[in-house]
Amino acid sequence: MSTFRLFITFYGYFFLSAILLTIACLVAFWNYGLETIGPIFQFKVCSLGVTVWFIATYKKKEFFYFRNLGLSPGLLWTVTLVFDFILFGSLVIFTYFIKWRTH
Amino acid sequence: MAHTLKIAHTLTADGIQLQFGNRKILSDIYLHCETGRIAGLLGGNGQGKTCLMQIIYGTLKGYSRCVRIDGANVPFAYRHPELLTCLPQFNFIPSSLSLRRVFSDFKVSYDDFEHFFPEIKGAYTSRIGNLSGGQRRLVETYVILCSPSRFTLLDEPFTYLTPLHVEKISAILKTVSLRKGILITDHMYAHVTDICDDLYLLAKGKTHLVKDIGDLQRLGYLAGI
C-alpha cells in the first residue's frame with residue numbers, strides 16, 4: 001500500500017500535463033479519424049519525453065525521498081510511464097469504439 | 001532473567017577510487033562503521049566527503065568501489081532502505097507532502113518527534129513546504145535518523161539547525177546509534193568530534209583514522225579552518 005502510494009505521488013508530478021496531452025490527442029483522433037493515429041502516438045511520446053526531462057532536471061533532489069524508501073528513479077519512471085501509456089492506449093481504443101463501431 | 005540480544009552489523013567501504021578528468025578525488029579509502037558506534041568523517045571543502053557518501057550509497061559510480069554490509073557486497077545500497085538510508089545535504093522531501101505522510105512513509109513515530117521538539121507541535125497536517133528552512137531540515141534529519149535501517153549516512157545534518165536543535169539531535173543520535181550504525185559528516189567539527197566513537201579525516205583523497213585533535217592539526221584540517 002505504501003509503495004503504491006509512492007507511485008501515485010510520483011505520477012502526480014506529471015499527471016496534469018499527461019492527461020491534458022492525452023485529451024488533446026483524443027480530440028484530434030475524434031475529429032480527424034484513423035489516419036491521425038501515427039502522429040498522435042508520436043506527439044504523445046515526444047511530449048512525455050519533454051516532461052521526463054523537465055522532472056529529471058527540476059525535481060532531481062526529490063528522487064532522494066523515493067530512494068530512501070526503496071524506489072529508484074528507473075523503477076519510478078518505468079511503472080508510471082507504462083501506466084500512462086496503458087491509460088492512453090485504452091482511451092484511444094475506447095474512443096475508436098465509441099465513434100466508429102457504434103455507428 | 002531477561003536478556004537483550006543485540007545483533008551487531010558492519011559497514012565497510014574500501015578500494016574506492018574516483019577521479020574527474022585528470023583530478024584524482026578519492027584513491028585510498030577505508031571506512032568502517034558498526035552498530036552501536038558513530039563514525040565521523042571530516043574534511044575540507046572539495047575533499048570528496050559528499051562524493052564518498054554518494055559512492056557508499058550507490059548513487060555515484062566510482063572508478064572502483066567495494067561497499068560491504070555484514071560482509072556482503074552492496075554496490076547499490078539505495079535499493080535496500082532496510083540496510084542503508086541517506087540524508088543528503090540538500091532538502092529532499094517533496095514540499096507538497098504533509099508531515100503526517102512523511103512520518104508514515106518512513107515508519108517513524110510523530111508523537112516521539114513532538115515530544116523531542118514541542119515547538120513544532122500542531123504541524124502534523126502541515127505541508128513540508130510550509131515549514132521554515134530549519135524546521136524542514138530538522139524533520140528530514142529526524143526521519144532519516146529514526147527510520148528502521150541498519151545504517152544511516154548523514155551529510156551535514158546540522159546545517160540550518162539552531163544550537164538547541166543541534167544539541168537535541170546529538171542526543172537522539174547517541175540513542176539511535178545503540179540500534180544502528182551511523183556515518184556523519186558536517187563542517188561543525190566540534191559537534192562531530194563530541195558525538196563520534198570513530199573519526200576519519202579525508203585529505204588528499206585518503207582517509208586517516210584520527211585519534212585526537214593533534215591528528216587534525218597535523219593533517220592540516222584545523223589549520224585550514
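Order of the sequence lines sets the chain letters (A, B, ...), proteins ahead of strands, with each chain counted from 1. Below, all heavy atoms of this structure are taken into account, side chains as well, without hydrogens, waters or symmetry copies.
Residue-environment remark: CZ (B:Arg136) exceeds the threshold of 12 foreign heavy atoms within 6.0 Å. Atom CZ of A:Phe54 is surrounded by 12 or fewer heavy atoms from other residues, nucleotides or ligands within 6.0 Å. Within a 6.0 Å radius of CZ in A:Phe7, more than 12 heavy atoms belonging to other residues, nucleotides or ligands are found.
Heavy atoms closer than 4.5 Å to chain A are found in both the backbone and the side chain of B:Val102. For B:Thr59, the part lying under 4.5 angstrom from a heavy atom of chain A is the side chain only. With a threshold of 4.5 angstrom between heavy atoms, B:Phe76 does not approach chain A through any atom at all. For chain A, the nearby parts of B:Tyr78 are the backbone and the side chain; heavy atoms of each come within less than 4.5 Å.
Within residues 60-76 of chain A, the residues having any heavy atom under 4.5 Å from a heavy atom of chain B are, by residue number, A:Lys61, A:Glu62, A:Phe64, A:Tyr65, A:Arg67, A:Asn68, A:Leu69, A:Gly70, A:Ser72.
In terms of heavy-atom pairs under 4.5 angstrom with chain A, the leader among B:Asn91, B:Leu97, B:Leu87, B:Leu84 is B:Leu97.
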Identify each donor-acceptor pair in which a side-chain atom of residues 166-175 of chain B lies under 3.5 Å from a protein atom, sequence neighbours left out, and give them as a table.
from: B:Lys168; atom 1: NZ; to: B:Phe116; atom 2: O; distance (Å): 2.9
from: B:Ser170; atom 1: OG; to: B:Val166; atom 2: O; distance (Å): 2.8
from: B:Lys174; atom 1: NZ; to: B:Ile195; atom 2: O; distance (Å): 3.1
from: B:Thr175; atom 1: OG1; to: B:Ala171; atom 2: O; distance (Å): 3.0

